[in-house]
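Note on naming: letters A, B, ... go to the chains in the order of the sequence lines (proteins, then strands), and numbering restarts at 1 for each one.
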Amino acid sequence: MTVSAAEPQVATHCPYCALQCGTRLTGARGAVQVRPDADFPVNRGGLCQKGWTAPALLDVRDRLRTPLVRGADGDLHPTDWDTALDTVAAGLRRIRADHGPDAVGVFGGGGLTNEKAYQLGKFARLALGTSQIDYNGRFCMSSAAAAGIAAFGLDRGLPFPVTDLGRAETVLLAGANPAETMPPLMRHLERARLIVVDPRRTRTAERAAVHLQPAPGTDLALALGLLHLAVVEGRTDTGYLRTRTTGFTEAWQRAAAWTPDRVERLTGVPVAEQREAVRLLADADRAYVLTGRGAEQQSKGSDTVAAFINLALALGLPGREGSGYGCLTGQGNGQGGREHGQKADQLPGYRSITDPAARAHVAGVWGVAPEELPGPGRSAYELLDALGRDVKALLVFGSNPAVSAPRAGHVTDRLAALDLLVVADFVPSETARMADVVLPVTQWAEEEGTLTNLEGRVLRRRRLLAPPAGVRGDLDVLHGLAVRLGRRADHFPTVPETVFEELRRASRGGAADYSGIDYARLDAGEALHWPCPEPGHPGTPRLFLDRFAHPDGRARLAAVDHRDAAELPDGQRPLYATTGRVLAHYQSGAQTRRIPELAAAAPEPFVEVHPDTAARAGLGDGDLADVSSARGTVRARVRLTGSVRTDTVFLPFHFPGDGRANLITNPALDPRSRMPEFKVSAVRIAPAEPA
Amino acid sequence: MTRTLVVAGHGMVGHRLVEDLRSHDRTDAWHVIVLAEESVPAYDRVALSSRVDGRGADSLSLAGPAFLADPAVDLRLSTAAVAVDRAARTVHCSDGTRLRYDALVLATGARPFVPPVPGHDLPGCHRYRTLDDVDSIRAAARPGRAGVVIGGGLLGLEAANALRLLGMEPHVVELAPRLMPVQVDDGGGAVLARLIGELGVRLHLATATTAIDAGPDGRVAAVRLGDGTRIDTPLVVFSAGVRPRDELARDAGLPVGERGGVLVDTHCRTADPRIWAIGDCAAVDGRCYGLVAPGYRMAETVTAQLVGLDPAPFPGADTATRLKLLGVDVASLGDAHATTPGAIEFATTDTRAGTYRKLVLAPDGHTLLGAILAGDASEYGALRASLVHH
Amino acid sequence: MNDRVLVVGHGPAAHRLVHRLRALGHTGPLTVLGRPGTHHGLATAVLTGALPPDAADLPAHPAGTAEVHHVRAVRIDRARHAVHADDGTVHRYDTLVLATGARPRRPGPHLGGDVRALRAPARSAVGDGPVAVLGSGPYAVEAALALRRTGRDTVLVHPGERLLDGLLDPDAADLLAVRLAAAGVDLRPGRTAVEHLPGTLVLDDGEALPADTLLFDTGLRPTTDLARAAGLAVHRAVTVDALLRTSDPAVHALGDCADAPGDGWEQAEALARLLTGATPRLRPGPVTRLPAADTLAIGTPGDGDQQLTLRDPARGRYAALGLRGERIVSASIVGLPRAVAAVTQLHDRDLPVPADRLALLLGTPAALPGAAEPGPDTVVCHCATVTRRTLATAWHAGACDPAALTAATRAGSGCGGCAGELRALCQAFAREDPAAPGTGAVPAARTRPRTEQPV
């Protein structure tokens, strides 16, 4: 294959997950070619099927190319940008006048660039004056973030470069399935002995030295039990605990009750396997504990993560080169997206919105008085649940909550109850189809910006193609709306680099300090991990080597105890349902379902069922089944597999309509992180009722 | 040129050999002389107990009209072989004739073993092997009275069934702690005992017969057991195993097995290249099988040699058995008693369904080495297939 | 939720109850009378020296719990819903929970020297010298194993013929004894201790065993005086119903003083649920687990309509399961740790046993009916959804080594997990078709073969 000199070429990153694999794009619209970047250390020339087919996303058949406004006939009709933006602005003004600023909500996304996420938070607080902003990352990263901040004083998914994993001897993966969700990561795990905690025998678990297969919702007890064993068997790092941590005694007093026997009885994980896992971790010179959504997406997700962090701390792993704790961030900009202010309780620089100093600093950058900044708002599910009641209008950027939110049937009803729903997207997602106004925006290869990957490294997204006529960037949209709402035009710039410059200032002195990072350094190829507090600062690939981010420099073990999932199987609904991803699809599937090769690989909703369970329910392989919880019913095709426990069924959440796995999921929230319980629902399964 | 084959014995296996040979010997290369000791042609000994419910000898007979009319087969009833002169290649018969052979197959079967307990030869004591034995039992039966079968193996249970059909109350005495000790284990024996007990058969397990007492008339009146039990009975049937009938070979100077039986190799050849032995009288590599299915396999391998086909050797230890005893399914396959080093046993006893199933597995926990089924043997075919497969 | 709950006794069951009441949202006054005990289940670790004694301390109670440590309850006035303490104080209640525990039953009068009850808080590690353990129950067996594993000479003395007193079937109990012996524990079945002098234990047959320390678990005597004096129904222990209620519906009992199924921890969970309006879940039937010996006993050996038995004498493994329908009603398992875990869960949650029962007991993956043999449409690379057929086509088009196959089909470009398989396939294709394109690097195919793709 030869590339002609005239052909445009650009180095950028895959549009999907937080691994942000380095790619090279070439070619004109309609003929864009992708190849993995062999020099980018995260993927080292690897790419999964989603990355390989990403160019097809640029030209999907139903790409949105013009704004749409819902007419009196109830249908969406094409219109011009001014009409669309005027319509939105008028609606927002009216609702704000009638119900106050908090009647307008904003729902962002973990796939937005840092610039968009930052600008969206600023737009909500300043242009709308609303506290009601949150984002789909709440459904992703919030539990790990809450636990990480409590333990270390700082939350960066991996506080070390991904490539450090390549030298590990042992890696424990709790509720993570990277072999399917971020395949190229596995290249860094080839050397390590893996301990995989997952109720399913996933492709990752198949590669494990030890697969611990607990009942859904019991991994917190398992983590307590591993700590218990480490202590009783004298495998803790007592010197490290004494000099670098606090809170061990209180944490131990909870874990003390979780004897291996009790843990086995609750989780189903044999004592011998618990012991083997602790041995592998403790005997390794270089070991990591990593968590994923399985541990986090529970109504006790932050405690579960805390319990795994306790284990890592007891073994002396975090803050030591070659060892540590980390969470595997999910969405493309799941890291940057949680730092810059689209979260209800947060201001840019990973600052707390309730911290007076943080408010003063950000208000200063924004040129307003601190009092003008609203306080904390509702978390994602609580915001969606309030739609049509306290919240009358919602602006959605880069998210598809009609599919991706828990209890999706109810959320869809709430979306339908809004006075005004505005969705900015580049495909007609299920949420966009419900909107009153749809704003067509640019996508990855059509825009500039930055994203921050799972290791806290800031990456440049670069533009290969001009957007199609009629499509605008999200920054343009926010600018147009802000101006119409009476804000100064220069307060909402449209050039990404200009926004980034402001973001740098806003983040200065915050936890996620970007102030030393600029486009020039990134374009020169520097690998910059935040914090990077000064121009010329090399960035911080490894955090906590000398001290943790709490004032006393010590990490904190958390006094956590196990509790049951919000809902347990019973006679009516005897099975656990758990949800997750498949390799071919990303998030709500709004993007990947439109790509023929990916749609062919995973064409329709399915439910993984153990053959025994299927036989009892009168179901065979390929039959259509109804899986019902107290909240709703999802219809999916039965896939028989021995990789699930007999008491558990698994559903991928990428599919629309009556195949939405989230029709059954439980919006019971974690009290600290406000994470819903995606991973544990009580269900029954039966042959599908005729429609 | 036609050669002469003499088959000494017309039991089930001897008969199978002749039938087999006749179906393969398209050119009538062999003239077959069959020496039958009994007065009737071969019959189904396994189904002997059905004789008592009135089926005549004919219904059990294995020799059909085509067989009887076959000009290449000379069946001589009531004629036993009494000696073999290997040097002269002749067989001396009980009717005084001498037959010259080109090939001789010994299929003389076995005789019942009668334990030497006091009173074992009293009038009223029977064996259970031939049609004549059954006829004498029929004649001696006293409906409503107890009848004692000594031996709880396969034939013993058949005999018990015969007594039951004759209206007697059967008792079975077995030295081992379970029925059919060769074929099944304790678990299978327990299921068998329960099901057979429900049919009205009284069982006395793990106990020896100490004496058979005579009454004033000099006939059997009672059986006494080692556990002190005394059973009043006019009738005793011995079915405590069999002993191979290897006298012809012994007398002709052919080697015999350590525990009896004409010693043959896996092709059923004796030390004399013109003489083979098959069935219950043969000790293949020293081992006597005492079952009809292995006997048939022996017949097949000898047939192949006689007609010049490539003979498959007798496959050895396949003692797979499937039977219906008193209406109860029983099967035993392969290493049923888990004698293979490291073997794993996995047994399921269903007391409600009255079934027992045991798999014997290799140390890998997967490869089937043997099995026992009782109460329900419907899996027999599948298990046998996977056993053969491995 | 706003009731005054008074708990008499402060062992681990009482402690857990208080924590769970608060966690489940009980907002009313909560009072505990008595000195806090220690964590159950850590006594052996303290005795062996694996943990210091204070590691067994229970955590602090949630805020708002009234703890009265230095008094003893002396009388219950059920009519006035009050408990009188020995310091003259009176504690009123809406709900009273008796958690007065039990005292170890001492094995005999002539046992002096370093003699300790196993089912009591451990205050220090035993010495390094020989240890004798009296008892045949799970505590005694586990303690003997744990002590032996720390290198101490250990003898286990019990009066019965077999360990666990009939909780296991005879074959399982015999195998458990074999395992203990293999671990180096000296066994003295059928014997009782008659005298313990410093350094020596004398048995009823006259044998003298070296024993610096004597540990015993020879039964418990439930502490029921308070309940009895208050006129509550008491037999061996305080009588309670399935909801842990005594004969007075305002009074509950749990832990070692109550005649209830399950252990104190489970009872605390059930009672906390009941008192906060949730549905209590008490697990069925007696379950005895000895994780250190990979041993499990459920129900009465032999119970059930269907008996499954696994014997693996060569590896010291044995399992017997009794089923009623598809539910487990009895079990005796030794040496099969995965079966111990799985069978306990199935029993605790009243779940049907899986179809592949052999796999359940052996702890191997279940055989799946109709599991497909690998064929041409088997996906080799899941990251790029590439089948064997596609790879074969590419190979025959000239992509004859793994790198060329990756370039041609993308197989192996994701997680890299199929690298070995790609190598093996190249060899297999070459074997299947020796005449096909042979050597040398082949340029990547310009178009990727995607023959199996639907249109």
Among C/A342, C/G41, C/C381, C/P354, which residue has the highest count of heavy-atom pairs closer than 4.5 Å to chain A? C/P354

Say you draw a straight line from [atom1] of [X] to [atom2] of [Y]; how long is it, rounded to the nearest 0.5 Å?
X: A/R265; Y: C/R289; atom1: CZ; atom2: CZ; value: 6.0 Å
X: C/L42; Y: A/T259; atom1: CG; atom2: OG1; value: 8.0 Å
X: C/H382; Y: A/C48; atom1: NE2; atom2: SG; value: 14.0 Å
X: A/L266; Y: C/Q345; atom1: CG; atom2: CD; value: 7.0 Å
X: A/Q253; Y: C/H39; atom1: CD; atom2: NE2; value: 6.5 Å
X: A/Q49; Y: C/T385; atom1: CD; atom2: OG1; value: 3.0 Å

Per-residue contact mode, [X] against chain A (heavy atom under 4.5 angstrom):
X: C/A45; answer: side chain
X: C/A60; answer: backbone
X: C/S413; answer: both
X: C/V353; answer: backbone

Identify the two heavy atoms, one from [X] and one from [Y], that lie closest to each other, and give their separation to 0.1 Å.
X: C/P59; Y: A/R254; result: CB-NE, 3.7 Å
X: A/P270; Y: C/P337; result: CB-O, 4.0 Å
X: A/W252; Y: C/A55; result: NE1-O, 2.7 Å
X: C/A341; Y: A/V269; result: CB-C, 4.5 Å
X: A/E190; Y: C/C415; result: OE2-O, 4.0 Å

Heavy-atom proximity to chain C below 4.5 Å, by part of [X]:
X: A/E206; result: neither
X: A/R275; result: neither
X: A/P260; result: neither
X: A/A179; result: backbone
X: A/P178; result: neither
X: A/T267; result: backbone
X: A/H228; result: side chain
X: A/E233; result: neither
X: A/L568; result: side chain
X: A/W52; result: both
X: A/V271; result: side chain
X: A/R645; result: side chain
X: A/D561; result: side chain

Chain C interface, residue from [options] that has the most non-hydrogen pairs under 4.5 Å:
options: A/H188, A/M182, A/E273, A/R563; result: A/E273
options: A/A584, A/P184, A/A256; result: A/A256
options: A/D621, A/D647, A/L189; result: A/D647
options: A/R187, A/K50, A/M186, A/E180; result: A/R187

What verdict does the salt bridge (charged side-chain N to carboxylate O under 4.0 Å, His left out) test give for C/E266 and A/R262, after you've listed the backbone C-alpha separation in whole Å, the side-chain angles of each residue and the deciding distance to 0.1 Å? CA-CA 10 Å; C/E266 294 163 28; A/R262 180 166 286 149; over 6 Å; no

Whether A/D564 and C/R273 form a salt bridge (side-chain N of Lys/Arg under 4.0 Å from carboxylate O of Asp/Glu) is what I want to check. yes

Salt bridge check: are A/D570 and C/R349 linked by an N-O gap of less than 4.0 Å? no

Is there a side-chain contact between C/L51 and A/V231 (heavy atoms, below 4.5 Å)?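 Of all side-chain heavy-atom pairs linking A/V231 with C/L51, at least one is under 4.5 Å.
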
Does CZ in A/R191 sit with more than 12 non-hydrogen atoms of other residues, nucleotides or ligands closer than 6.0 Å? yes

Can you establish whether the number of heavy atoms outside A/R639 located under 6.0 Å from its atom CZ is more than 12? no

Look at the side chain of A/D612 and the backbone N and O of C/A355, then say whether any donor-acceptor pair between them is shorter than 3.5 Å.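 At least one qualifying donor-acceptor pair exists.
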
Could you list the residues that satisfy ring-ring contact (aromatic ring centres under 6.0 Å, His included) with A/H585, not counting sequence neighbours?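 Residues passing ring-ring contact (aromatic ring centres under 6.0 Å, His included) with A/H585: A/H654, A/F655.
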
